[in-house]
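Below, chains carry the letters A, B, ... as their sequence lines are ordered, and counting in each starts from 1.
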Number of protein chains: 4
Amino acid sequence: MTSPPQGGRPVNAQAGAALKAAALRLVRERGYGKVSIAAIAEEAGVARQTLYNRWNTKADLVLDAVFEETQSYAAAPPLDGERACRDLLEEFLINVFSHLAVNGGVLRALIAAAQQDAAFQANFYAKFVLPREKMVTNLLQRAIERGELSADRSPELVSSLIHGAFWYRLLNRGVLDASVAKAVTRDVFGPPTSAAGGDC
Amino acid sequence: MTSPPQGGRPVNAQAGAALKAAALRLVRERGYGKVSIAAIAEEAGVARQTLYNRWNTKADLVLDAVFEETQSYAAAPPLDGERACRDLLEEFLINVFSHLAVNGGVLRALIAAAQQDAAFQANFYAKFVLPREKMVTNLLQRAIERGELSADRSPELVSSLIHGAFWYRLLNRGVLDASVAKAVTRDVFGPPTSAAGGDC
Amino acid sequence: MTSPPQGGRPVNAQAGAALKAAALRLVRERGYGKVSIAAIAEEAGVARQTLYNRWNTKADLVLDAVFEETQSYAAAPPLDGERACRDLLEEFLINVFSHLAVNGGVLRALIAAAQQDAAFQANFYAKFVLPREKMVTNLLQRAIERGELSADRSPELVSSLIHGAFWYRLLNRGVLDASVAKAVTRDVFGPPTSAAGGDC
Amino acid sequence: MTSPPQGGRPVNAQAGAALKAAALRLVRERGYGKVSIAAIAEEAGVARQTLYNRWNTKADLVLDAVFEETQSYAAAPPLDGERACRDLLEEFLINVFSHLAVNGGVLRALIAAAQQDAAFQANFYAKFVLPREKMVTNLLQRAIERGELSADRSPELVSSLIHGAFWYRLLNRGVLDASVAKAVTRDVFGPPTSAAGGDC
DNA sequence: GACTAACCGAGACGGTACGTCGTGTCTTAGT
DNA sequence: ACTAAGACACGACGTACCGTCTCGGTTAGTC
């Protein structure tokens with residue numbers, strides 16, 4: 001509603017990308033807590049104020065940086081009825097866990113940052129947590145509809161159990177590999193039936 | 001067995017207690033991140049160095065402070081066979097959740113601190129996380145032995161699902177009340193049998 | 001010739017002046033050793049780091065502060081041949097001594113600081129000691145050329161005798177007044193001749 | 001007036017000597033300012049309180065330590081009339097300067113300490129400065145009586161000129177060797193007469 | 001031979017100052 | 001309007017000394 005910016009130097013689009021790249025690189029190298037905002041700006045070859053023009057906090061910047069990278073993977077599994085929900089869940093978890101091998105440290109730091117900054121927590125939850133929770137909730141809802149899961153299970157509750165196991169192990173530096181994904185799936189859905197692979 | 005003090009002015013035990021009390025009070029009032037080490041020492045009426053003599057970090061101090069308070073509650077449920085394991089679990093969770101109403105904020109901060117400091121993480125895990133995980137694992141093991149739980153459930157995995165749900169909701173500021181405790185218990189053990197209350 | 005600032009917020013010149021003024025005021029009030037860097041910054045209404053941006057040590061700051069004040073007095077006497085060198089020396093000493101009534105305490109502290117910090121010693125010597133020594137050496141050299149002083153006196157040695165007397169008395173809190181200035185002058189030049197006041 | 005101490009453990013004389021030795025050793029090695037009281041006590045294998053039982057400040061301890069060492073040299077020249085005063089002065093200065101090669105650094109630190117602590121200044125002046133000043137004053141007085149020096153010279157003033165030259169050069173890290181001693185003597189007494197060596 | 005009181009080691013304690021670091025805001029000049 | 005550069009106010013950090021204190025243990029000399 002404000003008058004569109006007339007004249008003035010245009011925003012340097014490269015600066016934002018350079019900042020995100022620099023942030024990810026440094027945070028992975030040194031760890032989130034040992035990277036200062038000034039260091040990121042310097043690494044990106046950019047003034048500090050330029051960073052503040054785009055993000056409010058280091059956490060917001062890093063969130064954007066990993067978010068971009070993460071868009072590719074962990075996409076919602078296609079609930080198109082061709083495959084069993086238990087298989088989709090297992091695949092989803094394996095996929096997520098495999099990417100945590102790379103981004104686990106960064107995510108741990110972001111979860112920590114969210115505990116210290118309510119504004120960032122809301123941002124992080126909306127951008128990162130909720131979508132993944134929705135994916136699993138939807139998948140479980142579908143499983144109930146298809147009869148793969150007992151109707152008296154609550155999709156929301158089971159979803160938080162599943163994500164919880166993932167968070168708990170991530171934050172306590174526990175093992176998170178394919179075998180865990182399979183075990184979680186099995187615990188939720190029960191032992192696979194001999195006629196495994198009913199449609200989802 | 002500990003190294004003998006071997007002379008020297010004895011440690012002032014009051015100072016340690018005053019520091020823990022001051023830490024808890026201030027952290028609850030202002031929030032963990034807004035309390036400086038200096039402020040805690042001042043509130044306790046103690047020199048800053050005295051604090052450093054006992055704890056390496058603010059997190060270690062606060063951990064000790066809540067740990068002490070927490071010793072009373074969340075004690076291991078008595079696996080004496082008189083009550084059903086599902087009831088014991090439910091009671092345990094209700095108990096834990098009710099205390100989180102008081103200490104939830106502090107614990108969130110400590111979990112965050114653990115993500116930024118490996119040494120503290122180890123301390124926190126050993127003192128706080130592991131014991132509670134063990135309690136639940138033991139309880140579940142017992143439940144399997146008594147036939148309350150299917151033998152093909154893994155106590156360790158289920159334990160991390162249960163704790164995970166708790167962590168996940170705590171860290172995302174979700175609801176954590178008695179109804180959640182009951183729902184979790186029900187999801188793990190299944191709907192209560194009519195002849196509820198078999199021995200555990 | 002200096003490196004161009006090349007952008008960036010310009011240095012706040014008032015801050016430097018305020019710091020020097022505050023330093024002098026506090027050091028005179030409380031004594032050098034009882035004034036902390038933090039107190040000076042606070043008195044100047046300036047951040048501590050701003051002080052560190054300009055000076056490395058408290059001594060360097062205080063040196064600059066007194067140096068500025070001292071520029072006015074103790075200027076090199078005009079060796080223009082109109083007045084006798086002995087009169088010029090006497091005047092110079094009277095002038096210096098009178099200002100020591102104000103700055104003596106500060107100077108004693110700076111001399112002390114120079115004994116504990118080689119870098120500051122070099123700075124102090126170059127800015128403060130050497131110029132005054134040169135003044136006297138030049139004056140004495142002129143006196144020899146004009147025959148007021150025996151040619152076998154060494155200007156450098158006599159200069160250090162003169163300055164030495166001043167330091168020795170300053171550091172031992174001895175008397176330093178006009179009568180001492182006259183006595184020193186008389187001892188160096190001998191009793192005034194009846195035809196006093198040959199041109200210098 | 002208080003009752004003399006009856007009974008009780010006697011003072012450990014070795015501790016004092018060990019402290020003085022440790023102080024000198026450390027101060028010479030690291031420099032006065034970089035040696036803490038705790039370091040001296042530790043080096044001496046003695047408790048910190050034991051040091052405080054004997055001396056009020058580090059400066060007092062170090063003063064005692066060098067004073068002891070210095071008693072041997074720079075003794076008052078024998079004004080027995082057998083040798084010329086100018087020779088005695090020259091010898092005295094050569095002697096003093098040669099010992100400054102060893103203790104110069106320590107003395108510089110003590111002079112600095114005296115500027116920061118009035119109580120120590122009085123102690124230092126009485127024990128160290130005044131005796132040496134008296135020696136020279138007496139010698140000059142004798143020189144006047146013997147006619148080696150003009151009667152209108154003031155022994156006190158000349159003494160402060162001589163000591164001043166020494167202090168000034170010491171504190172500014174100037175040269176202090178035998179040639180300076182000879183030059184000072186020559187400047188004070190004038191060129192040696194052909195019939196040098198009248199009795200003093 | 002027991003008593004006694006000053007001494008000693010060790011080290012915790014209340015204070016104070018230090019220099020460094022990071023943050024978010026600001027103020028220039030330049031694009 | 002945006003950028004690069006960097007000064008600034010603010011505040012926390014961990015360290016280093018200082019001088020005092022409080023212990024338990026060790027002495028001689030005195031009763």
S.K.: For the CZ atom on C:Arg173, are there more than 12 heavy atoms of other groups (residues, nucleotides or ligands in this structure) within a distance under 6.0 Å?
M.R.: no
S.K.: Between P on E:dG22 and OH on A:Tyr32, what's the gap in Å once rounded to a whole number?
M.R.: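 Rounding to the nearest Å, OH of A:Tyr32 and P of E:dG22 are 14 Å apart.
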S.K.: Please determine, for the side chain of D:Ala47, which listed nucleotide (E:dG24, E:dG15, E:dG9) has the closest atom?
M.R.: E:dG9
S.K.: Write down the distance between CG (D:Asp117) and C1' (F:dG19), rounded to a whole number of angstrom.
M.R.: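 The answer, rounded to whole Å, is 14 Å.
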S.K.: Go through the side-chain N and O atoms of C:Asn53 and C:Thr50 and say whether any donor and acceptor fall under 3.5 Å apart.
M.R.: no
S.K.: Does a distance-only test, which skips hydrogens and angles, find a donor-acceptor pair under 3.5 Å between the side chain of A:Gln49 and the base of F:dC2?
M.R.: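 Donor-acceptor pair under 3.5 Å: no.
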S.K.: Work out how much the helix from E:dG1-F:dC31 to E:dT31-F:dA1 bends between its end axes, five pairs an end, to the nearest 10 degrees.
M.R.: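 It comes to 10° between the two terminal axes.
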S.K.: Return no unless some side-chain N or O of B:Thr50 is found under 4.0 Å from OP1 or OP2 of E:dG14.
M.R.: yes
S.K.: With rounding to the nearest 0.5 Å, note down the distance linking CH2 in B:Trp55 to CG in B:Asn123.
M.R.: 12.0 Å
S.K.: Can you name the nearest heavy-atom pair linking C:Ala113 to C:Tyr32, along with the distance?
M.R.: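 Heavy-atom minimum between the residues: CB-OH, 4.1 Å.
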S.K.: Using whole Å, report how far CD of A:Glu42 lies from P of E:dC21.
M.R.: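 Computing the A:Glu42:CD to E:dC21:P distance gives 13 Å.
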S.K.: Rounded to the nearest 0.5 Å, how far apart are CD of B:Glu43 and CG of B:Leu24?
M.R.: 11.5 Å
S.K.: Considering only heavy atoms and no angle criterion, is a donor-acceptor pair shorter than 3.5 Å present between the side chain of B:Arg9 and the base of E:dC13?
M.R.: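 Per atom types, no contact qualifies.
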S.K.: Is the number of heavy atoms from other residues, nucleotides or ligands within 6.0 Å of CD (D:Gln14) greater than 12?
M.R.: no
S.K.: With nearest nucleotide decided by heavy atoms, which residue, D:Ala38 or B:Tyr52, maps closer to the 5′ end of DNA chain F?
M.R.: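 Whichever sits nearer the 5' end wins; that is B:Tyr52.
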S.K.: Any ion pair linking A:Glu69 and A:Arg28 (charged N to carboxylate O, less than 4.0 Å)?
M.R.: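 Salt bridge between A:Arg28 and A:Glu69, a charged N being under 4.0 Å from a carboxylate O: yes.
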S.K.: Mark yes when over 12 heavy atoms from residues, nucleotides or ligands other than A:Arg25 sit less than 6.0 Å from its CZ; otherwise mark no.
M.R.: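 More than 12 heavy atoms, drawn from other residues, nucleotides or ligands, come within 6.0 Å of this atom.
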S.K.: Donor-acceptor pair under 3.5 Å: do we get one between D:Arg48's side chain and the base of E:dG11?
M.R.: no
S.K.: Does this structure show an ion pair linking A:Lys127 with A:Asp64, if we count only N-O contacts that are shorter than 4.0 Å?
M.R.: yes
S.K.: In whole angstroms, how far is the C1' atom of E:dA12 from the CG atom of B:Leu19?
M.R.: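 Taking atom C1' of E:dA12 as the reference, CG of B:Leu19 is at 13 Å.
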S.K.: Work out which heavy atom in C:Ile40 is nearest to a heavy atom in C:Val35; give both atom names and the distance.
M.R.: CG1-CG1, 3.4 Å
S.K.: So, is D:Asn53 near the phosphate of E:dC7, with a side-chain N or O under 4.0 Å from OP1 or OP2?
M.R.: no
S.K.: Measuring to OP1 and OP2 of F:dT3, would you say a side-chain N or O of A:Arg54 lies under 4.0 angstrom away?
M.R.: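 Checking A:Arg54 against F:dT3: at least one side-chain N or O falls below 4.0 Å of OP1 or OP2.
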S.K.: Rounded off to whole Å, could you give me the CG-to-P distance for the B:Asp60 and F:dC13 pair?
M.R.: 14 Å
S.K.: To the nearest Å, how far apart are C:Lys34 NZ and E:dG15 C1'?
M.R.: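 Taking NZ of C:Lys34 and C1' of E:dG15, I get 15 Å after rounding.
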S.K.: In whole angstroms, how far is the C1' atom of F:dC13 from the CG atom of B:Leu51?
M.R.: 13 Å
S.K.: Between B:Val46 and C:Lys58, which is nearer to the 5' end of DNA chain E once each is assigned its nearest nucleotide?
M.R.: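 Whichever sits nearer the 5' end wins; that is B:Val46.
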S.K.: Tell me, which of residues 10-17 of chain B have any heavy atom that sits under 4.0 Å from an atom in DNA chain F?
M.R.: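 B:Pro10, in order of number.
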S.K.: Please tell me which of C:Val35 and A:Val35 maps to the more 5' nucleotide of DNA chain E, matching each residue to the nucleotide holding its nearest heavy atom.
M.R.: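 Looking at DNA chain E, the more 5' nearest nucleotide goes with C:Val35.
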S.K.: Grab the CG-C1' distance between A:Leu61 and E:dT23 for me, whole Å please.
M.R.: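 A:Leu61 atom CG is separated from E:dT23 atom C1' by 15 Å.
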